[in-house]
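Read through the structure below, which is laid out as structure tokens, and then see the notes.
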Amino acid sequence: MDNHGSYKSLINIWILLMFLTVVTVGAAQFDFGAWNVPIALIIASVKAGVVALHFMHLKHEDGLTWVFASYPLFLLFLLIAFTVTDMFSRVVN
Amino acid sequence: MSQEQEKNYLENGEGFASWFFTVDHKRIGIMYLWAIGVFFIIAAIASFLVRFEHLTPGQTIMTAHTYNVLFTLHGSMMVFLFIVPGVAASFGNFLIPLMIGAKDVIFPKLNLYSFWLYLLGAAVFMIALAAPADTGWTFYTPYSIESGANVILITFGIFILGFSSILTGINFIVTMHKLRAPGMTWDRLPLFCWAAYATSLLQVLATPVVGITLLLLIGERFFGLGFFDPARGGDPVLFQHFFWFYSHPAVYIMILPAMGIISEVIPVFSRKPIFGYKAIAYASLAIALISFLVWGHHMFVSGQSKLINVIFSVITYAVAVPTAIKVFNWLWTLYKGSIELSTAMLYSLAFIFLFTIGGLTGLFLGALAADVHLHDTYFVVAHMHYVMIGGTVFGFFAALHFWYPKMWGRMFDEFKAKIAFVLIFIGFNVIFFPQFILGTLGMPRRYFNYAPEFQSLHQLSTYGTWIGAAGFILMLWTLMRPLPGKAPGNPYRSLSLEWSMDSPPGTFNFDEIPTITEPVYNYGTKIEEES
Ligand SMILES: [Cu+2]
């Protein structure tokens, strides 16, 4: 087809992902308090981003594909934002 | 013309393997049609028994547990095995390539795989009936965690069905982007295809959420993870958020393809171009996008935040706008048309009437104060059935009659089919209109027992099922016994591409891929008179 799946770059990405996995495991060894979840999520998002850009070829795609790919992120944001408001309206004993 | 193309798709190959391993989108569509038809009948029988139980207060023919199992079976089977995959997978498969001038969908093998996944999911679902769930089709926690029934198995079946849905959606989206015939621009695309496109977007974007939710449920039941159980740090309302984040868009997965059918039938039998083509096409997309923003209207009394209640209520009103745009455009298409009351047209007109009632009663439920009173009553049951039966099923029946000659290459007895329509229409309204009244009087849904003062309305509703069942049996009998003789290629003088070839179509649809030069809905114009 074309060369955006060359073995060399794919293997590099794989090594990067493995490295990030080590970082995930490493970060889990320390207690960052309230930052535990955000840190884990940031590392996971970087991993997901790399997979989407390279393995899923988003890097080489046109604007329309980007629109399709970002809309679910907007939905995910909404799902979390609207659901979390429940927490603020509850009376905690 | 190749040898295979000379035979029509029904004759090209015989026996089980020629169907089960086919990659022909038309045969796959027909197999879906049979499968969803079987599940529709089973689920309808369950509802028939549920209604029969309500002839008297207290026990009539079954125990309370059997009653709970039957309404769960009815709801979950109707939703996940019939109405969600239903129209899109059957008529979508059969029609989309024919309508856009393609020889098949873009991934024919993936299409077959989707069908196999559907069968696998259905099989798991049926196996789960060994210890049938009594949770209602929504599987709300905490009861779905505690219930002794096969909740894991049935939800796993639904999880598999979700994949079938996602893959079909992807297939249709790419097909419509890549395989449109020369000249079939987006603004000439038949409105059924636009509706199927919007449906596919919803299938791809929303279905993963219900899949994950059901996995979380399985994880909680199986491994004791604390997602929804407060004792383990979970939150039962979270389940409702996740569930409705999928299930409200799913309502539009169910209704949009039926709206597409109505947009095809009305102009043909009014002999007029569809009014407001672009408005209808974009309304489909608008519905698809806004439908993601309203899920909380199912949860006004669940304890979610008050601020979000108000926001959800307002957006719910907004989603009525594109829906109303469609209704007004259909009505305006009828205006001063040369209307022919064929069976398909009767179902379509009934759709507009009943769906409008279903839609407007939805606004009662979307209003915060009214919902407190109406929530979880028969008013909701009636509203939902006016949308799902009066809308989707009537649209589905319209399609069964309208494309019957194209699918089977035969004609049916219109007179008998119209009698069946009248019975179904009367039966439906006798079943569900009293339920609006029951609901406003305070009769809760899903209750085995009821107070004596509700009996006459409950009985009336049950009598309706007998009229409706008689109509449905007559409809099946009529469609199963086609008239002798071959159907013409285009019996209704439609201008749409799927009518341009013989009935039934050859295996590869078109001898030569056509070039489109005119809009699809040019009825009653100069072009039509020449042809
Ligand atoms: Cu809803």
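Chain A is the first sequence line, chain B the second, and so forth, proteins listed ahead of strands; every chain is numbered from 1.
Looking at B:Val204, there are no atoms closer than 4.5 Å to chain A (heavy atoms on both sides), in backbone or side chain. For B:Ile311, the part sitting under 4.5 Å from any heavy atom of chain A is the side chain, from C-beta outward, and nothing else. Neither the backbone nor the side chain of A:Phe88 comes within contact range of chain B; no heavy atom of the residue lies under 4.5 Å from a heavy atom of that chain. Within the 4.5 angstrom heavy-atom criterion, no atom of A:Ile80 approaches chain B.
A 6.0 Å sphere centred on OH of B:Tyr140 holds more than 12 heavy atoms belonging to other residues, nucleotides or ligands. B:Trp186 CH2: more than 12 foreign heavy atoms inside a 6.0 Å radius. Within 6.0 Å of CZ in B:Phe163 there are 12 or fewer heavy atoms belonging to other residues, nucleotides or ligands.
B:Leu201 and A:Phe68 make their closest contact through CD2-CE2, 3.5 Å (heavy atoms, listed as atom of the first residue, atom of the second, distance).
Ranked by heavy-atom pairs under 4.5 Å with chain A, the first of B:Leu289, B:Leu307, B:Ile173 is B:Leu289.
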Exercise for review: Given side chain to side chain contact (heavy atoms under 4.5 Å, CB included), test A:Thr83 with B:Gln304 step by step and report yes or no.
Suggested key: CA-CA 8 Å; A:Thr83 306; B:Gln304 72 179 350; over 6 Å; no

Point to revise | Stepwise side chain to side chain contact (heavy atoms under 4.5 Å, CB included) check, A:Leu79 with B:Phe292 | key: CA-CA 9 Å; A:Leu79 177 61; B:Phe292 277 105; over 6 Å; no

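Between the NE2 atom of B:His241 and the CG atom of A:Asp86 there is a distance of 3.5 Å, given to the nearest 0.5 Å.
Aromatic rings from A:Phe82 and B:Phe245 are positioned such that their centres are separated by 6.0 Å or more.
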